[in-house]
A.B. asks: 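Following this message is one structure expressed as structure tokens.
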2 protein chains.
Amino acid sequence: MAPQNPNLDTIFAALADPTRRAILGMLLEDDMSVTDVAAPFEVSLAAISKHLAVLVAAGLIGQERRGRIIWCKLEPEGLRSASVWMQGFGQFEPVDLDDFERFLLTELEAAHPDPDEQP
Amino acid sequence: MAPQNPNLDTIFAALADPTRRAILGMLLEDDMSVTDVAAPFEVSLAAISKHLAVLVAAGLIGQERRGRIIWCKLEPEGLRSASVWMQGFGQFEPVDLDDFERFLLTELEAAHPDPDEQP
DNA sequence: AGCTTACTTAACTGATGGGTTGAATATTGG
DNA sequence: CCAATATTCAACCCATCAGTTAAGTAAGCT
């Protein structure tokens with residue numbers, strides 16, 4: 001629904017914030033409502049709403065209203081251009097997915113104090 | 001020489017600026033002096049010097065002084081953590097290097113007005 | 001030594017970003 | 001309709017950022 005100007009500027013700027021990366025990590029597991037996305041964080045709901053708007057503008061997530069709940073879902077294609085750009089540097093090595101898992105968890109732990117999670 | 005805290009915040013923030021991405025693209029071809037890096041851009045040398053400092057802090061480039069010239073070189077490993085993080089999204093598709101070439105050229109053209117090019 | 005080249009630092013400005021609180025809007029349930 | 005839930009919008013605060021100009025530092029040249 002958004003006009004979406006998914007250029008590299010907005011994509012990388014969106015990824016530069018740890019809260020937003022944590023949100024992406026959460027949405028990697030499940031689609032979530034705005035309220036549920038906001039739950040683990042200490043900042044206000046309005047702040048999270050703004051973060052989500054940034055992610056939508058960057059084309060990294062999509063939002064769909066069903067009833068009074070707005071569902072947020074990952075838009076993996078939004079990362080393609082940035083990913084392609086980055087792969088140009090760094091010897092084009094294959095990606096280690098275990099590394100990714102480790103990074104993702106580290107990010108999530110760092111971003112919110114993890115109230116009800118059990119490892 | 002910099003203490004370098006190459007976390008994802010600083011890396012993505014560094015990549016969010018088109019001038020800095022263009023600089024990375026230039027350094028992909030050759031190591032360059034600060035003055036030469038600054039040449040194609042319309043902003044002041046001081047501004048480019050700051051951009052380079054940001055890239056160094058992000059671990060994306062390195063600088064080495066030889067004589068009175070400071071040489072800037074790409075540090076491809078600096079992108080690894082960010083690249084790994086990103087690949088976690090987007091179905092883990094293989095990267096199309098032709099796409100990369102296209103993006104890189106587009107970026108370079110957009111970043112500086114290409115003083116000696118004839119439209 | 002003194003001038004020139006190469007670059008950084010300092011001090012300032014205007015714009016943007018992330019945060020807040022409080023009011024506004026939308027939708028559902030009683 | 002009215003109240004509660006879900007989310008955004010508006011107005012503001014403060015910090016950071018990209019840019020400027022001007023001065024400062026460092027190294028080579030003659």
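Proteins get letters first, then strands, A, B, ... in listed order; numbering begins at 1 in each. Atom set for the values below is all heavy atoms of this structure, side chains included, hydrogens, waters and symmetry mates excluded.
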A.B. asks: Distances under 3.5 Å only, N/O to N/O: pair up the protein atoms with those of nucleotides 1-5 of chain C.
C.D. replies:
from: C:dT5; atom 1: O4'; to: B:Arg68; atom 2: NH1; distance (Å): 3.2
from: C:dT5; atom 1: O2; to: B:Arg68; atom 2: NH1; distance (Å): 3.4

A.B. asks: So, for B:Phe41 and B:Thr19, which heavy atoms are closest and what is the spacing to 0.1 Å?
C.D. replies: CE2-CG2, 3.8 Å
A.B. asks: Should side-chain heavy atoms under 4.5 Å link Ile, Leu, Val, Met, Phe, Trp and Tyr, which residues sit in the same cluster as A:Ile69?
C.D. replies: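 Same cluster as A:Ile69: A:Trp71.
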A.B. asks: Figure out the CG/C1' separation between A:Asp36 and D:dA6, and round it to whole Å.
C.D. replies: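 Checked: the CG to C1' distance equals 11 Å.
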A.B. asks: Counting side-chain heavy atoms from CB outward, which of C:dT8, D:dA6, D:dT8 is closest to A:Val34?
C.D. replies: D:dT8
A.B. asks: Side-chain N or O of A:Ser44 versus OP1/OP2 of C:dT20: is the shortest distance under 4.0 Å?
C.D. replies: yes
A.B. asks: Check B:Asp9 with A:Arg21, please: is the shortest side-chain N to carboxylate O separation under 4.0 Å?
C.D. replies: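 The answer is yes: the pair qualifies as a salt bridge.
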A.B. asks: In whole Å, I'd like the distance from the CG atom of A:Leu52 to the P atom of D:dC9.
C.D. replies: 12 Å
A.B. asks: Could you tell me how far apart B:Phe41 (CZ) and D:dT20 (P) are, to the nearest whole angstrom?
C.D. replies: 13 Å
A.B. asks: Between C1' on D:dT20 and CD on B:Glu42, what's the gap in Å once rounded to a whole number?
C.D. replies: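 For the pair B:Glu42 CD and D:dT20 C1', the rounded distance is 15 Å.
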A.B. asks: With a cut-off of less than 4.0 Å, is there a side-chain N or O of B:Ser49 near OP1 or OP2 of C:dC7?
C.D. replies: no
A.B. asks: Give the minimum heavy-atom separation between B:Ile11 and B:Ala58, together with the two atoms involved.
C.D. replies: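 So the minimum-distance heavy-atom pair works out to CG1-O, 3.6 Å.
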A.B. asks: Would you kindly give the CG-to-C1' distance between B:Asp9 and D:dT16, to the nearest whole Å?
C.D. replies: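 After rounding, the gap between these two atoms is 13 Å.
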A.B. asks: Reading DNA chain C from 5' onward, which residue's closest nucleotide shows up sooner: A:Ala46 or A:Arg65?
C.D. replies: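 Per heavy-atom nearest nucleotide, the more 5' residue is A:Ala46.
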A.B. asks: Locate the shortest heavy-atom distance separating B:Asp36 from B:Met26; write the atom from each residue and the value.
C.D. replies: O-CE, 4.1 Å
A.B. asks: If I take atom CH2 in residue B:Trp71 and atom P in nucleotide C:dA6, what distance separates them, rounded to the nearest angstrom?
C.D. replies: 11 Å
A.B. asks: Look for any protein N or O under 3.5 Å of an N or O in nucleotides 12-18 of chain C and output each such pair with its distance, or none.
C.D. replies:
from: C:dG18; atom 1: OP1; to: A:Arg20; atom 2: NH1; distance (Å): 3.2
from: C:dG18; atom 1: OP1; to: A:Arg20; atom 2: NH2; distance (Å): 2.7
from: C:dG18; atom 1: OP2; to: A:Arg20; atom 2: NH1; distance (Å): 3.3

A.B. asks: How far apart are the closest heavy atoms of A:Cys72 and A:Ile61, and which atoms are they?
C.D. replies: CB-CD1, 4.5 Å
A.B. asks: Show the nearest heavy-atom pair for residues A:Ala82 and A:Phe12, with the distance to one decimal.
C.D. replies: CB-CZ, 3.9 Å
A.B. asks: To the closest 0.5 Å, what do you measure between NZ (B:Lys73) and CG (B:Leu27)?
C.D. replies: 10.5 Å
A.B. asks: B:Ile48 CD1 to D:dC17 C1': how many Å, rounded?
C.D. replies: 15 Å
A.B. asks: Tell me if a side-chain donor or acceptor on B:Arg20 pairs with a main-chain N or O of B:Ala14 at a distance below 3.5 Å.
C.D. replies: yes
A.B. asks: What is the separation between atom CD1 on B:Ile69 and atom C1' on C:dC7, rounded to the nearest whole Å?
C.D. replies: 11 Å
